[in-house]
Engineer: 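Below is a structure I'd like to ask you about.
So you know, we letter chains A, B, ... as the sequences are listed, proteins then strands, and number each from 1. We use all heavy atoms of the structure for the numbers below, so side chains are in, but hydrogens, waters and symmetry mates are not. Note that the coordinates shown come from a computational prediction; the quantities given were computed from them, not determined experimentally.
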2 protein chains.
Amino acid sequence: MTEPPITTKDRILDVAERLFADCGFEATSLRTITAEAGVNLASVNYHFQSKEALLHAVFERRVNPVNRRRLELLDACEAEFQNEPIPLERLLEAFFRPLVLELGGVFPKLFVRFLYLESPNTFRELFAKHLRPIARRFFPAFHRSLPGLDPSELFMRIQFAVGGMAQLLAAKSLAEVIGEGSFTIPSHEVALEKLIQFAAAAMRSPVSRGAL
Amino acid sequence: MTEPPITTKDRILDVAERLFADCGFEATSLRTITAEAGVNLASVNYHFQSKEALLHAVFERRVNPVNRRRLELLDACEAEFQNEPIPLERLLEAFFRPLVLELGGVFPKLFVRFLYLESPNTFRELFAKHLRPIARRFFPAFHRSLPGLDPSELFMRIQFAVGGMAQLLAAKSLAEVIGEGSFTIPSHEVALEKLIQFAAAAMRSPVSRGAL
DNA sequence: GAATGAATCAAACGTTTGTTTCAATCGTTC
DNA sequence: GAACGATTGAAACAAACGTTTGATTCATTC
């Protein structure tokens, strides 16, 4: 009982999130959103102020819980290991799991669009605002777990790992392009574990002594 | 002398490529393209048939040389190592280098958009058409170099590696969001080497015996 | 130098876009 | 039940969109 009354505002957010994820921000019209949500066209500009503000709201509704969870897991790790470096796999899990696994729905897919520049310029700033405090907490932790890497090298490896995550979130992108159904698609839980293992092995590898 | 006469068609392609990369397909209007290229609005629909056909032309102009080079490098590897497995790093280089390094300009950035679904549905098919033959050649080669991995595991690891490449191509995406200029940004050549080293270490790591 | 086809041009086409308006409705409070 | 602010409704707004038109220019060929 007492099922949450799905308000107009929430219906708009749900539909907008899905359409933005599937078609992108610019390709999605407010008329499509409101029609699919069964609400009046004007209600978007009433509850939010503009289409772009709607995008911001869609983003913030999900990113806040995700980042809260990330910090929660990181706090738990730091409490568990005190001053010891946190095992790399645990650190990667704290960073990846909330977005990859704990959050259902289409937001992870939309997040990849956010990551690789969804167009509105003002949005880049919002994205940075939410990611910066996460980076400020996680980067030193990674540094303690991988003391052999200088910061620039570490940063680059984190970037590559994030790229792997994005590939996982975009999911079908490559699989359906190339695979003819010949590949076993693992559960998200298994895929996350494999991503962590992949990233950990790569991040631990010795620094190359190639030409610089 | 005999400098190539920059035709209207080429000017449109150049400007469209840059604007599509910076702003996305839907957010870029034909009026912006033609104004910036200094050509008439109607010339887009004259030389190409539609805006979407222009996107296809922008894509095919670059992807063909890139994929030709990829197969060239793979052929060279196979000739050099005969029936022996090709060293993993060499394989990764054959796949990454043409797009990451040999191709200048903004196309690599645009390619990331292509990879993570730029909207028009008909475009996904074009993208797949060009990537499939590459996958069909490279996947068996990877399999020979990493015989310990079953195909699904290998495919997933390749996907993660491609994600790392995408992150490199999108370049500033994370660096400018988080880094306060504190990180040394390596040359593309060095970055490619580090990407290859990263991916090779990860792809070679033993398969986990975690819960499945 | 007239004629032919390709290329460019300014202008307009009909739609669709995000946004605004203002009246109608709803639920709450006095 | 009157009055009120919050929400919804149908309709219109100007602006921008991709595309088409038809005249004009250009280079080439006979």
Engineer: Please determine whether a side-chain nitrogen of the Lys or Arg among A:K9 and A:D14 lies less than 4.0 Å from a carboxylate oxygen of the Asp or Glu.
Structural biologist: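 No.
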Engineer: So, are B:E125 and B:K129 salt-bridged, with charged N and O less than 4.0 Å apart?
Structural biologist: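 Salt bridge flag = no for B:K129 with B:E125.
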Engineer: So where does chain A start and stop touching DNA chain C, 5' to 3', when the test is distance under 4.0 Å to a non-hydrogen atom?
Structural biologist: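 Answer, 5' to 3': C:dT17 to C:dT21.
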Engineer: Would you give me the side-chain donor-acceptor pairs under 3.5 Å for residues 97-106 of chain A, sequence neighbours excluded?
Structural biologist:
from	atom 1	to	atom 2	distance (Å)
A:R97	NE	A:E93	OE2	2.8
A:R97	NH2	A:E93	OE2	3.1
A:R97	NH2	A:E189	OE2	3.0
A:E102	OE1	A:R69	NE	2.9
A:E102	OE2	A:R69	NH2	2.8

Engineer: For A:H47 and A:L41, find the nucleotide of DNA chain D closest to each by heavy atoms; which residue's nucleotide sits nearer the 5' end?
Structural biologist: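 Between the two, 5'-proximity favours A:H47.
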Engineer: Quick one: do A:F160 and B:F160 satisfy ring-ring contact (aromatic ring centres under 6.0 Å, His included)? Show the steps, please.
Structural biologist: CA-CA 9 Å; A:F160 291 150; B:F160 291 149; over 10 Å; no
Engineer: For A:S29, answer base if it contacts any base atom (sugar-phosphate contacts may also be present), sugar-phosphate if it contacts only those atoms, and nothing otherwise; contact means non-hydrogen atoms under 4.0 Å.
Structural biologist: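 It contacts sugar-phosphate atoms only.
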Engineer: In this structure, how many angstroms lie between the P atom of D:dT8 and the CG atom of A:D10, rounded?
Structural biologist: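 Rounded to whole Å, this separation is 11 Å.
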Engineer: Give the rounded distance in Å between these two atoms: CZ of B:F48 and C1' of D:dT20.
Structural biologist: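 So the two atoms are 18 Å apart, to the nearest Å.
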Engineer: Atom CG of B:N40 to atom C1' of D:dT20: distance rounded to whole Å?
Structural biologist: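 Value for this atom pair: 12 Å.
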Engineer: Is B:E26 paired with B:K51 through a side-chain N to carboxylate O contact shorter than 4.0 Å?
Structural biologist: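 Here B:K51 does not pair with B:E26 in a salt bridge, since their nearest N and O are not under 4.0 Å apart.
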Engineer: What is the distance, rounded to the nearest whole Å, between atom CZ of B:R31 and atom P of D:dT20?
Structural biologist: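 Taking CZ of B:R31 and P of D:dT20, I get 13 Å after rounding.
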Engineer: Heavy atoms only, 4.0 Å cut-off, all strands: where does A:T32 land among base, sugar-phosphate and nothing?
Structural biologist: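 No contact.
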Engineer: Select from A:N45 and B:T8 the residue whose nearest nucleotide in DNA chain C is closer to the 5' end of that strand.
Structural biologist: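 Comparing both residues, the 5'-ward one is B:T8.
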Engineer: Is it the case that the side chain of A:N40 and the backbone of A:T34 share a donor-acceptor pair, with hydrogens and angles ignored and the cut-off at 3.5 Å?
Structural biologist: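 Side chain of A:N40 to backbone of A:T34: no pair is present.
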